[in-house]
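Single-structure report; data block below.
In this text, all values refer to a predicted model and were calculated from it rather than measured experimentally. FYI, the numbering just counts along the sequence from 1.
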Amino acid sequence: MARSRGSTPSSTPAWSPPSACPRCSRPRARPGGEQAVLSGAARYLGRSVRLVRDADLSAPTPCPDWDLGHLLGHVRSSLDDLTEVLTGGPGPDPGQVADPAAAIRARIVGLLVAWTVTPGRRCEVGDRWISPEIVGYTAAAEMVLHAWDISRACGADHPIPAALATRLLEVSPLLAADRFFATPLDVAATAEPGERLLALFRRQPR
């Protein structure tokens, strides 16, 4: 069972991580294709955190009341908890990394390593057992949404890759089945997949 870290606002996600972004739900999804989605999400997050500079840490983000430093702390803790869910215990300690972006990159690697050693093994979450595939989709959604948040806070326009967004949209009825904090935003019928995914999670695409 995952440990609780930090003291950020809580909204009781599926495995009780330390906090949940006020605009994220608790994703659940069907198996199939999660390896490609997880890898793509990790690349997208890695690209976004490379944008971060010390001067950006106080910048506002699309997550209400969170500056970039707070958001990076949430992402770091969430990756720790997801890794622990996959492995059944604490993952390798990446050590104290002063650079918050570097700390996230180290945890992305830890999560992907944990994923490779869990095929076929169910993951314990409280008093329930779930498949690692569901954890994989959960991790992918977390990384993709917050990667976009990070890039916006840094003043960059890094659209979510179309194939990645399309796959997450395909499982969106399951991703949204648990709870939303508010109703999705409206988007044009001609919106790109990434824009539709962002609107689903209450983010203004532009």
Side-chain angles (χ1 to χ4, degrees), residues 2-13 15-27 40-84 91-112 138-161 164-165 168 179-185 187 192 194-195 197-206:
R3 298 187 304 274
S4 176
R5 303 178 180 84
S7 58
T8 51
S10 176
S11 63
T12 322
W15 56 89
S16 298
S19 64
C21 168
R23 285 190 173 170
C24 295
S25 67
R26 299 183 286 171
R43 288 193 296 271
Y44 183 54
L45 178 57
R47 180 186 177 196
S48 291
V49 297
R50 284 196 294 270
L51 299 169
V52 176
R53 300 294 181 266
D54 287 345
D56 300 321
L57 296 179
S58 60
T61 74
C63 301
D65 302 322
W66 286 14
D67 63 19
L68 182 56
H70 194 153
L71 175 60
L72 293 172
H74 163 75
V75 174
R76 182 178 65 246
S77 294
S78 292
L79 292 174
D80 280 342
D81 285 336
L82 286 158
T83 299
E84 186 169 325
D93 185 355
Q96 296 298 317
V97 182
D99 178 357
I104 288 176
R105 289 194 294 269
R107 284 161 172 83
I108 292 172
V109 172
L111 176 66
L112 294 177
T138 301
E142 176 85 0
M143 288 192 287
V144 166
L145 292 167
H146 287 320
W148 185 85
D149 294 334
I150 291 166
S151 67
R152 295 290 288 182
C154 293
D157 182 15
H158 281 183
I160 299 171
L164 183 56
L168 289 174
R179 180 175 61 180
F180 275 115
F181 289 87
T183 55
L185 300 178
V187 291
E192 295 294 326
E195 294 174 337
L197 181 67
L198 291 168
L200 187 63
F201 286 89
R202 294 288 301 174
R203 286 158 167 85
Q204 288 286 355
R206 298 185 185 278

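- With sequence neighbours excluded, the residues that form a side chain to side chain contact (heavy atoms under 4.5 Å, CB included) with Arg50 are Arg47, Arg105.
- In this structure, the side chain of Thr61 engages the main chain of Trp66 through a donor-acceptor pair within 3.5 Å.
- Under the side chain to side chain contact (heavy atoms under 4.5 Å, CB included) criterion, Leu51 pairs with Ser151, Cys154, Ala156, His158, sequence neighbours left out.
- Residues Pro60 and Ala153 share a closest heavy-atom pair of O-CB, 3.5 Å.
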Next item on the list: Give the intermediate values and the outcome of side chain to side chain contact (heavy atoms under 4.5 Å, CB included) for residues Leu168 and Ile160.
Entry: CA-CA 11 Å; Leu168 289 174; Ile160 299 171; 6.0 Å; no
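- One finds the CG atom of Leu200 at 13.5 Å from the CD atom of Glu195 (value rounded to the nearest 0.5 Å).
- The NE2 atom of His146 sits 5.0 Å away from the SG atom of Cys63 when rounded to the nearest 0.5 Å.
- Contact between Val144 and Ala41 at its shortest, heavy atoms only, is CG2-CB, 3.6 Å.
- A pairwise comparison of heavy atoms in Trp148 and Pro62 identifies CZ3-CG, 3.7 Å as the closest pair.
- Looking at residues two or more places apart in sequence or on another chain, you find a side chain to side chain contact (heavy atoms under 4.5 Å, CB included) between Val109 and Val113.
- Between the CD1 atom of Ile150 and the CG atom of Leu45 there is a distance of 5.5 Å, given to the nearest 0.5 Å.
- Rounding to the nearest 0.5 Å gives a distance of 8.5 Å between OG1 of Thr83 and CG of Leu112.
- One N or O on the side chain of Asp56 and one on the backbone of Arg53 form a donor-acceptor pair closer than 3.5 Å.
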Checklist line | From CA spacing to verdict: side chain to side chain donor-acceptor pair (under 3.5 Å), His70, Asp67 | finding: CA-CA 5 Å; His70 194 153; Asp67 63 19; 5.1 Å; no
Note to self: Using side chain to side chain contact (heavy atoms under 4.5 Å, CB included), reason through Arg43 and Met143 one step at a time and then give a plain yes or no.
What the structure shows: CA-CA 9 Å; Arg43 288 193 296 271; Met143 288 192 287; over 6 Å; no
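- Screening Asp99, Leu57, Ile104 against Val52 for a side-chain contact (heavy atoms from CB on, under 4.5 Å) leaves a single residue, Leu57.
- Checked options Gln204, Arg152, Glu192, Arg203; the residue passing with Leu198 is Arg203 (criterion: side-chain contact (heavy atoms from CB on, under 4.5 Å)).
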